[in-house]
Amino acid sequence: MTPSTSLKLAIVGDVHDQWSAADNAAVVALGVDLVLFVGDFGNEAVDVVRCVSELSVPYAVILGNHDAWYTASAWGRKKAPYNHALEDRVQEQLTLLGDAHVGYGVRDFPALNLSVVGGRPFSWGGDHWLNPEFYQERYGIDGFAASSRAICAAVERAQCDRIIFLAHNGPTGLGNQPESICGRDWKPIGSDFGDPDLAAAIAFARTQGKPIPLVTFGHMHHTLRHRRDRLRDITQTEAETLYLNAARVPRIINTGQEQQRNFSLVTLTAGQVTAADLVWVDEQAQIHHQEPLYPTPQTVQGLL
């Protein structure tokens, strides 16, 4: 990456079944260098993940809590619409994505001089260790300390100078108000609902001298449950790092005339984030509406 190099990234917030071949085409039309997916494709929505896996643009993925909705917990398994003895839809998604899934791992993009490190896959958020049997069986992880070590090990394996952290839920330390970027907006209202293991891994990466231009995630939707007069905070900066919550849900809206789908576009120049915008793309894959997220102060309510 030379001093004048500029890269454009598309970040896809929580999908929740709203992804198709038209989205693959829209990404290509946007001319991005890399696509990052924060997860929650649907309730173990294998067909959606299969469509994503056919994307022709370089990409990385972290799977979210809904991507193990019928598997991770005992109550989820009771509600499963399929027989776990015959199918493993979590593994089907992981197999389709292959190395593109960075949960507890890293994907290097040498041509971009970027490594994408994944946080804890299938995260529900918060400081309570949920679904212990699932994480023990799938990853040999028995709590936050082991989870943090796994993410830190991925940091150590990163081969490029700069790291982007890709997670389903954001890290702790970004505020404890219900409107905060990872704040709890349901009863009891308030508190930091970020992932402590991700925060520890980010701190570790800094001790290793790894520049972190971007930490991106979703999970905590932008519309707030306790109020309707504003949206959740979308961005936050710390040192030279932009934290971006890309979960604008629903990500596809019907205006009455056409469908529009959203992407968060992030520009990196010489390895640093210089711009971030939420864009709504029309059916001709053209940008119809654009909301500045960074560095412009976030004052626009936008399309809900």
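None of these values were measured; they are calculated from a predicted model.
Counting heavy atoms from C-beta on, the side chains of D277 and L293 never come closer than 4.5 Å. Two residues are said to be in side-chain contact when any heavy atoms from C-beta on lie closer than 4.5 Å; S73 and F134 fail this criterion. Counting heavy atoms from C-beta on, the side chains of T172 and C182 never come closer than 4.5 Å. With a 4.5 Å cut-off on side-chain heavy atoms, V27 and L55 count as touching. For the pair V116/L34, a side-chain contact is recorded, criterion being any heavy-atom separation below 4.5 Å from C-beta on.
One hydrophobic cluster holds both I163 and Y59 under the rule that ILVMFWY side chains link at heavy-atom gaps under 4.5 Å.
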Practice task
Carefully, step by step, assess T237 and Y243 under the rule side-chain contact (heavy atoms from CB on, under 4.5 Å).
Solution key: CA-CA 6 Å; T237 56; Y243 294 86; over 6 Å; no

Exercise for the section: Evaluate side-chain contact (heavy atoms from CB on, under 4.5 Å) for V90 paired with R138, printing each intermediate quantity in order. Expected result: CA-CA 10 Å; V90 169; R138 300 273 172 168; 3.7 Å; yes

Handout entry: Chi angles and distances behind the side chain to side chain donor-acceptor pair (under 3.5 Å) call for R206, T241
Key = CA-CA 11 Å; R206 291 197 172 111; T241 302; 2.9 Å; yes

Problem - Stepwise side-chain contact (heavy atoms from CB on, under 4.5 Å) check, V273 with T267 - result: CA-CA 6 Å; V273 175; T267 301; over 6 Å; no

Practice task
Would you sort out whether F263 and W280 count as a side-chain contact (heavy atoms from CB on, under 4.5 Å), showing the intermediate values?
Solution key: CA-CA 7 Å; F263 302 87; W280 293 87; over 6 Å; no

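Under the side chain to side chain donor-acceptor pair (under 3.5 Å) test applied with Q260, the options E283, H289, H288 reduce to a single match, H288.
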Under 3.5 Å, sequence neighbours excluded: what are the donor-acceptor pairs made by side chains of residues 187-203?
| unit_1 | atom_1 | unit_2 | atom_2 | d |
| --- | --- | --- | --- | --- |
| D192 | OD1 | G194 | N | 2.9 |
| D192 | OD2 | G173 | N | 2.7 |
| D195 | OD1 | S123 | OG | 3.2 |
| D195 | OD1 | N169 | ND2 | 2.9 |
| D195 | OD2 | S123 | OG | 2.8 |
| D197 | OD1 | R120 | NH2 | 3.0 |
| D197 | OD2 | R120 | NE | 2.7 |
| D197 | OD2 | R120 | NH2 | 3.3 |
| D197 | OD2 | S147 | OG | 2.5 |

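Q159 and S115 share no side-chain donor-acceptor pair at under 3.5 Å. Using modelled atom types, one finds no donor on one side chain facing an acceptor on the other under 3.5 Å when comparing D185 with H226. Using modelled atom types, one finds no donor on one side chain facing an acceptor on the other under 3.5 Å when comparing D14 with H219. Residues R232 and H222 have side chains that never bring a donor and an acceptor to within less than 3.5 angstrom of each other.
Closest approach of A285 to A26, counting heavy atoms only: CB-CA, 4.2 Å. Closest approach of V266 and L268 over heavy atoms only: CG1-CD1, 3.6 Å. Considering all non-hydrogen atoms of both residues, P213 and I164 come closest at CG-CG1, 4.4 Å. When all heavy atoms of G183 and M220 are compared, the closest pair comes out as O-CE, 3.0 Å. Of all heavy-atom pairs between H168 and V38, the closest is ND1-O, 2.8 Å. When every heavy atom of P81 is checked against every heavy atom of R89, the shortest pair comes out as CG-NH1, 4.4 Å.
Ion pairing between a basic and an acidic side chain is recognised when a charged N comes within 4.0 Å of a carboxylate O; E133 and R77 show no such pairing. With respect to E240 and R162, no salt bridge is recorded, no charged nitrogen being found less than 4.0 Å from a carboxylate O. Checked for salt-bridge contact, D23 and R261 meet the test: a charged N lies under 4.0 Å from a carboxylate O. A salt bridge between R251 and D17 is absent, with no side-chain N of the basic residue lying under 4.0 Å from a carboxylate O of the acidic one.
Atom-to-atom distance recorded for T255:OG1 and I253:CD1 is 7.0 Å, nearest 0.5 angstrom. The CZ atom of F122 sits 4.5 Å away from atom CG of L63, with the distance rounded to the nearest 0.5 Å. The distance from atom CG of L278 to atom CD1 of I11, rounded to the nearest 0.5 Å, is 10.5 Å. The distance from the OG1 atom of T216 to the CG atom of L244 is 4.0 Å, given to the nearest 0.5 Å. The CD1 atom of I181 sits 7.0 Å away from atom CG of D233, with the distance rounded to the nearest 0.5 Å. One finds the CG atom of L9 at 11.0 Å from the OG atom of S264 (value rounded to the nearest 0.5 Å).
Taking the six-membered ring where tryptophan is involved, the planes of W124 and W69 are essentially parallel, since the angle between them stays under 30° and well short of 60°.
The number of heavy-atom neighbours closer than 6.0 Å to CG of N254, taken from other residues, nucleotides and ligands shown, is above 12. By the 6.0 Å contact criterion, CG on D127 is open, its count of non-hydrogen atoms from other residues, nucleotides or ligands being 12 or less. No more than 12 heavy atoms of other residues, nucleotides or ligands sit less than 6.0 Å from atom CD of Q257.
For E156, the side-chain contact (heavy atoms from CB on, under 4.5 Å) criterion is met by F204, not counting sequence neighbours.
For an aromatic pair to be called close, the ring centres must be under 6.0 Å apart, and W19 with F37 satisfies this.
Taking Ile, Leu, Val, Met, Phe, Trp and Tyr as members and joining any whose side-chain heavy atoms lie under 4.5 Å apart, directly or through other members, I252 forms no hydrophobic cluster with any other residue.
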